[in-house]
Amino acid sequence: MAAKNAMEVFAVLDKSNCRQCGEKTCLAFAGAVFLGDRRIQECPTIDPRSREKFGVEVAGVASADSEPDEYVGSLQSALVKCDYQEVAERISGQYRNEELIVAVLGKKFGIDKDGRFVTDLHVLPWVVIPVLNYMQHCKGLPITGNWISFREIDGGKEKYALFKKRGEDVFKHLADQYTDFFHDIVHMFSGQTVEKQFESDVSVVLYPLPLVPVMICYWKAEEGMGANLNLFFDSTVNDNLGLESAFFLGTGLAQMLEKIAEQHGF
């Protein structure tokens with residue numbers, strides 16, 4: 001089950017502040033687990049019942065997030081058995097020099113015939129898992145321009161609360177605090193500003209994957225109403241990517257941009 005707050009995680013820790021997990025206090029560790037930055041299994045003294053209770057959903061996305069290295073390995077093994085030429089045509093990618101290549105936010109991400117990654121991007125779970133799933137399972141449906149929320153993706157209602165906390169809320173905080181936020185993400189990731197989409201004040205479309213656009217809509221604060229931000233996916237997302245990888249993309253983008261903003265003092 002997912003914890004309702006950090007104190008619920010803190011309650012099952014031994015509160016020794018042993019620092020073996022790398023955090024200064026057990027409370028800091030509990031907060032990191034609740035936010036999804038750490039896993040409850042990283043506590044060296046956690047009892048088996050608590051590990052089982054908080055060991056999956058707190059971290060994010062079921063089995064894929066519980067053992068990401070093992071999961072990525074299984075995806076690699078399955079992909080190398082595929083016909084790379086067929087895959088490239090289906091996913092709007094390329095096949096050259098025995099490498100299957102796809103654009104991730106406009107940057108090259110490739111995998112060779114032995115399953116090795118060929119890319120200048122950081123090989124992180126939120127990038128690798130969606131890319132490998134996209135390569136294997138994308139049905140190649142053309143983009144429709146019909147946008148749906150994360151909740152409207154098959155199975156999305158159950159995961160929306162966590163998606164909002166780790167994705168949309170992070171984006172909103174950056175947009176609220178960082179004046180040039182939308183201008184800079186368009187410039188960094190070859191996105192585009194879209195006028196009058198969903199009647200929001202600012203709408204930006206990014207292409208994490210060729211057939212999986214993501215639209216960020218931001219409504220500025222007005223008298224009596226606070227600011228609001230939502231992410232939308234093309235209605236083909238169920239067939240071209242799926243819930244699990246859509247979760248990884250949305251929350252991963254948010255966390256990456258948050259780190260970039262912190263590094264530049266925003």
Asker: Using the rule given for side chain to side chain contact (heavy atoms under 4.5 Å, CB included), can you reason through F189 versus L257, listing the C-alpha separation, both sets of side-chain angles and the distance that settles it, and then say yes or no?
Answerer: CA-CA 11 Å; F189 302 124; L257 289 168; 3.5 Å; yes
Asker: Any side-chain heavy atom of D14 within less than 4.5 Å of one from C26?
Answerer: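 Yes. Closest side-chain heavy atoms under 4.5 Å.
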Asker: Determine, for K164 against D169, whether the closest basic-nitrogen to carboxylate-oxygen distance falls under 4.0 angstrom.
Answerer: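 Here K164 pairs with D169 in a salt bridge, since their nearest N and O are under 4.0 Å apart.
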Asker: Less than 4.5 Å apart, any side-chain heavy atom of F163 and any of R151?
Answerer: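 Result no, sub-4.5 Å side-chain heavy-atom pair not found.
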Asker: Can you tell me if T144 and D234 form a side-chain donor-acceptor pair at under 3.5 Å?
Answerer: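 T144 vs D234: donor-acceptor pair found between side chains.
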Asker: Salt-bridged, E99 to R116, with N to O below 4.0 Å?
Answerer: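 Answer for the salt bridge query: no.
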Asker: Counting heavy atoms not belonging to E86, are there more than 12 under 6.0 Å from its CD?
Answerer: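 Counting other residues, nucleotides and ligands, CD of E86 exceeds 12 neighbours.
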Asker: Could E23 and R19 be called an ion pair, given the rule that one side-chain N must be under 4.0 Å from one carboxylate O?
Answerer: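 Salt bridge flag = no for R19 with E23.
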Asker: Checking side-chain polar atoms at under 3.5 Å, does Y160 have a donor or acceptor matched by the opposite partner on E152?
Answerer: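 No, E152 and Y160 have no side-chain donor paired with an acceptor closer than 3.5 Å.
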Asker: Is it the case that more than 12 heavy atoms not belonging to K157 sit under 6.0 Å from its NZ atom?
Answerer: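 No.
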Asker: On the 0 to 90° scale, with breaks at 30° and 60°, tag the H183-H187 ring pair as parallel, tilted or perpendicular.
Answerer: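 Parallel.
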Asker: Would you find more than 12 non-hydrogen atoms of other residues, nucleotides or ligands less than 6.0 Å from D120 atom CG?
Answerer: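 It does not: D120 CG has 12 such atoms or fewer within range.
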Asker: Under the side chain to side chain contact (heavy atoms under 4.5 Å, CB included) criterion, do F182 and T193 qualify, and how do the steps go?
Answerer: CA-CA 8 Å; F182 290 102; T193 302; 6.0 Å; no
Asker: So, Q76 and Y71: side-chain donor and acceptor under 3.5 Å apart, yes or no?
Answerer: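 Side chains of Q76 and Y71: no pair found under 3.5 Å.
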Asker: Between N230 and Y218, is there a side-chain donor-acceptor contact under 3.5 Å, judged purely by atom types and distance?
Answerer: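 Looking only at side-chain atoms, N230 and Y218 do not form any donor-acceptor pair under 3.5 Å.
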Asker: Report yes or no: is the cationic atom of K159 (NZ for Lys, CZ for Arg) closer than 6.0 Å to the six-membered ring centre of F150, at no more than 45° off its axis?
Answerer: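 The answer is no, since K159 fails at least one limit relative to F150.
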Asker: Do you know which of M256, R166, E168, K165 makes side chain to side chain contact (heavy atoms under 4.5 Å, CB included) with T251?
Answerer: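 One option only clears the test, and that one is R166.
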Asker: Is I101 close to Y95 at the side-chain level, that is, under 4.5 Å between some pair of heavy atoms?
Answerer: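 No, their side chains stay 4.5 Å or more apart.
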